[in-house]
Amino acid sequence: MRCPVKATEPVKIAIVGLGKIAHDQHIPSIGRSRAFTLAATVSRGSSLPGFDHYGRLGDLLGARPDVTAVALCVPPQVRFGMAWEALQAGRDVLLEKPPGATVAEVQALADLARAKGRTLFATWHSRFAPAVAPAKDWLAHREVKTARIVWREDVRKWHPGQTWIWQAGGMGVFDPGINALSILTEIMPHPVHLTSAEMEFPENCETPIAARLEFEDAVGGTVSADFDFRQTGPQTWDIAVETSDGSLKLSAGGAKMEIDGRPVDQAAEAEYDGIYARFAELLAAGSSDVDASPLVHVADAFMLGRRIVTDPFHDE
Ligand code: NAP
């Protein structure tokens, strides 16, 4: 940890990778933040009108020493090299989820951030959904008997044209599924570990389109997860937990909560505003936040899981 710093001016940050999540969430949240100002973008092929633009991260790092932080909004397969380059150049780094394509590279980045005295923030946006912190509090003193995750969405709606998701390291259905695992690892009172997994791989893809997972904890609790990218119609992002003292249900990806079937009011959704507020706290404290536990479960699924070949997937 380096010495805490008191920021007097907004931190100048650059966004790297102007894709869907950069446009949908990062640019608006930075725009609303008093702690950050968007100073530049790095993109292979596009730019933002009115903002300084670079085609390569190295060019930004060389030309703009005043830009002290970067938000990496690129696919996981190319994130490690960029994060390493930015940390080596003395910048603070925010990683979109998942923090890497492998577990070891995340550990290496955490070690480098520590050695260089920089902040590394491996974000899990779903942990900032409004009902997640209340759910964690409610479960903290209860005994979980079972939990059931159902995370089913339409890949054509949410990831149109994203070929990287179907390539090795893109994680397929674990790209959204890891959001559920980031909530699970946050709210469960005891850590869980994978006991079995089954994954369906389209015959023309390197990553799964569906996965079914089973976990248990060390005190008798069990968790099942059903991830599927083929859901049309209503989309489902639910986690239902039965305890020895009542039931809890998170729905809409952690935006809504019910206790024993009764809705509990929540604040409005502001996941990415929460991410940037947390990044500002970490910078002020001179510390990092790197929890790879959701990624470990995905790696375990690839290690332990049974593979089934299924129908080819075509994006149109
Ligand atoms: P995307 O729309 O495909 O955008 C990724 C951007 O990264 C591309 O537009 C491209 O920007 C840049 N890039 C650099 N190298 C690339 C390469 N080799 N292949 C493809 N793109 C490359 O993806 P996204 O949905 O924004 O997702 C990016 C990350 O955010 C993923 O890790 C994803 O899990 C996470 N995320 C996405 C969502 C969502 O709803 N989409 C939600 C939360 C988190 P330039 O052309 O500007 O260089």
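Numbering of ligands and ligand atoms starts at 1, following listing order. For the numbers below, each heavy atom of this structure counts, side chains included, while hydrogens, waters and symmetry mates do not.
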Answer with yes or no whether the side chains of E186 and W124 bring together a donor and an acceptor at under 3.5 Å.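 The answer is no; no qualifying pair exists.
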
Decide if the gap between the ring center of H159 and the ring center of F229 is smaller than 6.0 angstrom.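 So the answer is yes for these two rings.
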
For [X], enumerate each residue passing the ring pair (Phe, Tyr, Trp, His ring centres under 6.0 Å) test, keeping only those at least two apart in sequence or located in another chain.
X	answer
H26	Y272, Y276
F313	W166
W164	none

Which protein residues have a heavy atom under 4.0 Å from ligand 1?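 Answer by chain and number: G17, L18, G19, K20, I21, S43, R44, S46, C73, V74, P75, P76, V78, R79, E96, K97, P98, H125, Q162, W164, D175, Y272.
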
Which residue, N179, V173, T236, forms the side chain to side chain contact (heavy atoms under 4.5 Å, CB included) with W151?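 So the option named by the test is N179.
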
